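Notes follow once the structure below has been shown.
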Amino acid sequence: MKDNHVTLPTDNQEDLNQILRARRAKLAKLRELGVNPYPYRFEVRHRIAEILERFDDVCEKESAAGVGEHFSIAGRIITIRAMGKASFCHLRDDSGQMQLYVKKDIVGERGYEIFHLLDIGDIIGAVGTVFRTHTGEKTLRVQSFELLSKNLYPLPIVKEREDQVFDAFTDKEARYRERHVDLTVNLEVREIFEKRALLLCTLRRFLEERSFLEVETPILQPLYGGALARPFTTEYHALERTFFLRIADELYLKRLLVGGFPKVYEISKVFRNEGMDRSHNPEFTMLEFYEAYTDYHDAMDLTEDMLRECVSKVTGGFVIRYQDAAINFEVAFRRVPFFDLLHELTGEDLLEKSLEELQKIARLHGVEEPAMSDGKIYDELMKTHIFPKLAQPTIVYDYPLSLSPLAKKHRNGARLVERFQVFAGGLELCNAFSELNDPLDQRVRFEAQQRFRVEGDEEAPPIDEDFLRALEYGMPPASGVGIGIDRVTMLLTDQASIREVILFPALRT
RNA sequence: GCGCCCAUAGCUCAACUGGUAGAGCAACUGACUCUUAAUCAGUAGGUUCCAGGUUCGAAUCCUGGUGGGCGUACCA
């Protein structure tokens, strides 16, 4: 599958297949005709979608409105229908596609010869007037055109007729490995990433309007933390030390709260050295924001508003379709305590059970080896039976203490922490809590994690003395929220796989 | 990590119980001044993912490998 084209030696004509040879021959011919196949610039004055829209109500035949006015567009040739003295092709730019009519009488002998040396995939610029063909298609009558970049490697040819698509470029591996081809040929793919950009833009604007400060913290770190995950390591030569790629932004952002910024956020890649599947990519994009003097109830309100705003801006409505389910973001999100959901599942109050009782209940619900801690059992039950079924936007709150070493203990009970997660479409979108700012409690929590670590839990984080010291200076009470941007994008673009919303997803090499 | 499935022309796919690889589109030559999956006539195009093995003979069967898909595990 892989690099059969990459390994083709471009200087040895013998080894090239006939299509590649033909393209190179045309390139040489063009040069003979005095055409630079890779010129420096072209004056693009119009976008195709704007032209099409403008002539939308101009009726059949020669459009009086278009006569005389010249339009200048540039893009890639996606179809060619060549005839002896007049030809058609379609040109696509970022906004849309439009038919071009190239007539020998107009572009001249040499121009028409050059046009015949063009291929699907070439990038050209064209200037002309707009008219409608007999069949009603708005078309550019080309006065002149210019080759802007010669295509030497053939593009997949996707054809359409009456909404039927033929020979679509669908091989997932080829699409991910050659995303530039995917984007060129599959318009709906481009849309996903336009929506992703709009999502990021919306989030930034939302936070900016509320006076949050965008900051950047280290990706390369001497110690990692802020989540439960195995890190990637890298060698820092100058320091002769192993460094880690961050697994979360959390600890550095909290230091900024200590430092006096009351509202901060960061949007960035984080890296977790774990397997990949349709909702996990080893590097992914997180938004984390922290607001001083607020608790997790405030954060719930803010997060709910934020998500609703994103849905509205990106999809244009409040009800979205995700994998055949209608998800409504207009109404208030359901808010339900973690242990209420477990009660619904098991009919028992799991918070009151001993470890033995918990293990028994876990077995009843299909957990194979429940020899783990109470927290892991709760987590397992929720992950297998509850979370995937949370289709409508749901805020699950008040989590067991042992699962959340960075969250503040619940004001009403010592065995819970003030934490919540937001789910929709069965996807976990956000994780948030009232941030633990008691440095002595934080040390106790780290030490507990340290014990898990010694027992072999590779995801338990190490003790971060620098962070503990920072807390000792005093961090204001605060709430913090982490949002998985990729997951939200999946939801808003109705994609089942995270790879569809990451331009260059991780692949084996 | 484990299980199941997949890999054939530039793209999308075919090839029965093993018999020596084929189609549409794309490409090339020619014709054609309103075509649109353009049409018509003709031509060419393959390391059947890789390496071994079985066989007179392998795209097909076996072993190993590579890459991918789906499921599962892991995953705040």
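Chain letters run A, B, ... following the sequence lines, proteins first, then strands; residues in each count from 1. Predicted model, so just to flag it, every value in this text is computed and none were measured.
Residues A:Glu435 and A:Lys408 are not paired through a salt bridge, judged by the lack of any N-O separation under 4.0 Å between the basic side chain and the carboxylate. A:Lys138 and A:Glu53 are not joined by a salt bridge, as no carboxylate oxygen comes within less than 4.0 angstrom of a charged side-chain nitrogen. Electrostatic pairing of A:Lys85 and A:Asp105 does not count as a salt bridge here, judged by no charged N lying under 4.0 Å from a carboxylate O. Ion pairing between A:Lys269 and A:Asp486 fails under the 4.0 Å rule for side-chain N and carboxylate O.
One finds no side-chain N or O of A:Lys26 lying less than 4.0 angstrom from the OP1 or OP2 phosphate oxygen of B:rA27. Of the side-chain N and O atoms in A:Arg132, none sit less than 4.0 angstrom from OP1 or OP2 of B:rC34. OP1 or OP2 of B:rG68 has at least one side-chain nitrogen or oxygen of A:Arg508 nearer than 4.0 Å. The phosphate of B:rC34 has neither OP1 nor OP2 within less than 4.0 Å of any side-chain N or O from A:Arg141. When the side-chain nitrogen and oxygen atoms of A:Arg278 are compared with OP1 and OP2 of B:rG71, one or more of them lie within a distance under 4.0 Å. Contact check, A:Arg81 against B:rU35: no side-chain N or O comes under 4.0 Å of OP1 or OP2.
Here the rule is side-chain contact (heavy atoms from CB on, under 4.5 Å) with A:Arg499, and of A:Met490, A:Met276, A:Lys172 only A:Met276 fits it. The side-chain contact (heavy atoms from CB on, under 4.5 Å) test with A:Met98 singles out one residue from A:Leu140, A:Thr139, A:Asp93, and that residue is A:Leu140.
Using C1' as the reference atom, B:rC13 and B:rC2 are 32 Å apart when rounded to the nearest Å. Separating the P atom of B:rC5 from that of B:rG64 is a span of 14 Å, rounded to the nearest Å. A gap of 44 Å separates the C1' atoms of B:rU39 and B:rG57, to the nearest Å. For the C1' atom pair drawn from B:rA21 and B:rU8, the interatomic distance equals 8 Å after rounding to whole Å. Taking atom P on both nucleotides, B:rC61 is separated from B:rG18 by 8 Å, rounded to a whole Å. Comparing the same atom, C1', in B:rC74 and in B:rU66 gives a spacing of 24 Å after rounding to whole Å. B:rU17 and B:rU12 are spaced 28 Å apart, taking the C1' atom of each and rounding to whole Å. Across the P atoms, B:rC16 and B:rA59 are found 12 Å apart, a figure rounded to whole Å.
Across all strands shown, B:rC6 is found opposite B:rG67 as a Watson-Crick or G-U wobble partner, with both distances under 3.5 Å. Checking B:rU60 for Watson-Crick or G-U wobble geometry (two distances, each under 3.5 Å) identifies no partner in any strand. Remark: B:rC34 base-pairs with no nucleotide in the shown strands. Criterion, Watson-Crick or G-U wobble with two distances under 3.5 Å. In this structure, B:rU29 forms a base pair with B:rA41, meeting either the Watson-Crick or the G-U wobble geometry with both donor-acceptor distances under 3.5 Å. B:rU47 is unpaired under the criterion used here, namely a Watson-Crick or G-U wobble arrangement in which both key atom distances are under 3.5 Å. Of all nucleotides present, none satisfies the Watson-Crick or G-U wobble test against B:rU20 with each distance under 3.5 Å. Pairing for B:rG1 goes to B:rU72, judged as Watson-Crick or G-U wobble with the two contacts each under 3.5 Å.
When rounded to the nearest whole Å, the span between CD of A:Gln164 and C1' of B:rC25 equals 14 Å. With rounding to whole Å, A:Met276 atom CE is found 18 Å from B:rA73 atom P. Rounded to whole Å, the distance from NZ on A:Lys172 to P on B:rG68 is 14 Å. Straight-line distance from the CD1 atom of A:Ile19 to the C1' atom of B:rA27: 5 Å, rounded to whole Å. Counting to the nearest Å, the C1' atom of B:rA26 and the CZ atom of A:Arg21 are 16 Å from each other. Taking atom CD on A:Gln495 and atom C1' on B:rG69, their separation rounds to 16 Å, with Å as the unit. Between A:Lys383 atom NZ and B:rU72 atom C1' there is a gap of 13 Å when expressed in whole angstrom units. The distance from atom CZ of A:Arg161 to atom P of B:rG24 is 16 Å, rounded to the nearest whole Å.
Looking at heavy-atom distances under 4.0 Å, A:Thr139 makes no contact with the nucleic acid at all. Counting non-hydrogen atoms under 4.0 angstrom, A:Ala168 reaches the backbone sugars and phosphates but no base. A:Leu507 comes within 4.0 angstrom of the backbone, heavy atoms only, and of no base. Here A:Glu137 lies in heavy-atom contact (under 4.0 Å) with a base. Contact annotation for A:Asp379: no contact, since no heavy-atom pair falls under 4.0 Å across all strands. Here A:Pro405 lies in heavy-atom contact (under 4.0 Å) with a base.
There is a side-chain donor-acceptor pair under 3.5 Å between A:Glu266 and A:Thr217. The closest side-chain donor-acceptor pair between A:His410 and A:Tyr397, if any, does not fall under 3.5 angstrom.
Between the side chain of A:Glu160 and the base of B:rA37, no donor-acceptor pair of N or O atoms lies under 3.5 Å. Remark: the A:Asn17 side chain and the B:rG10 base include no donor-acceptor N/O pair separated by less than 3.5 Å. Checked by distance alone, A:Asp277 brings a side-chain donor or acceptor within 3.5 Å of a matching partner on the base of B:rC74. Checked by distance alone, A:Gln99 brings a side-chain donor or acceptor within 3.5 Å of a matching partner on the base of B:rU35.
For A:Lys103, counting side-chain heavy atoms from C-beta on, the closest listed nucleotide (B:rC74, B:rU33, B:rC34) is B:rU33. Nearest nucleotide to the A:Asp167 side chain, out of B:rC28, B:rC74, B:rC11: B:rC11. The side chain of A:Tyr153 has B:rG10 as its nearest neighbour among B:rG10, B:rG68, B:rA37. Taking every side-chain heavy atom of A:Tyr176 into account, B:rG69 is the closest of B:rG69, B:rG10, B:rU12. The side chain of A:Arg499 sits closest to B:rG69 out of B:rG69, B:rA44, B:rC28. When distances are taken from the side chain of A:Phe169 to each of B:rG1, B:rC25, B:rU12, the shortest belongs to B:rU12. If you check B:rC34, B:rC28, B:rG67 against the side chain of A:Phe131, the one that comes closest is B:rC34.
A:Arg179 forms no cation-pi arrangement with A:Phe504, by the criterion of a distance under 6.0 Å to the ring centre and an angle within 45° of the ring axis. With A:Phe446 as the aromatic partner, A:Arg443 does not meet the cation-pi criteria of under 6.0 angstrom to the ring centre and within 45 degrees of the ring axis.
Along RNA chain B, the nucleotide nearest A:Ala227 and the nucleotide nearest A:Thr384 are compared for position; the residue whose nucleotide lies closer to the 5' end is A:Thr384. Place A:Lys104 and A:Pro154 on RNA chain B by their nearest nucleotides, and A:Pro154 ends up nearer the 5' end.
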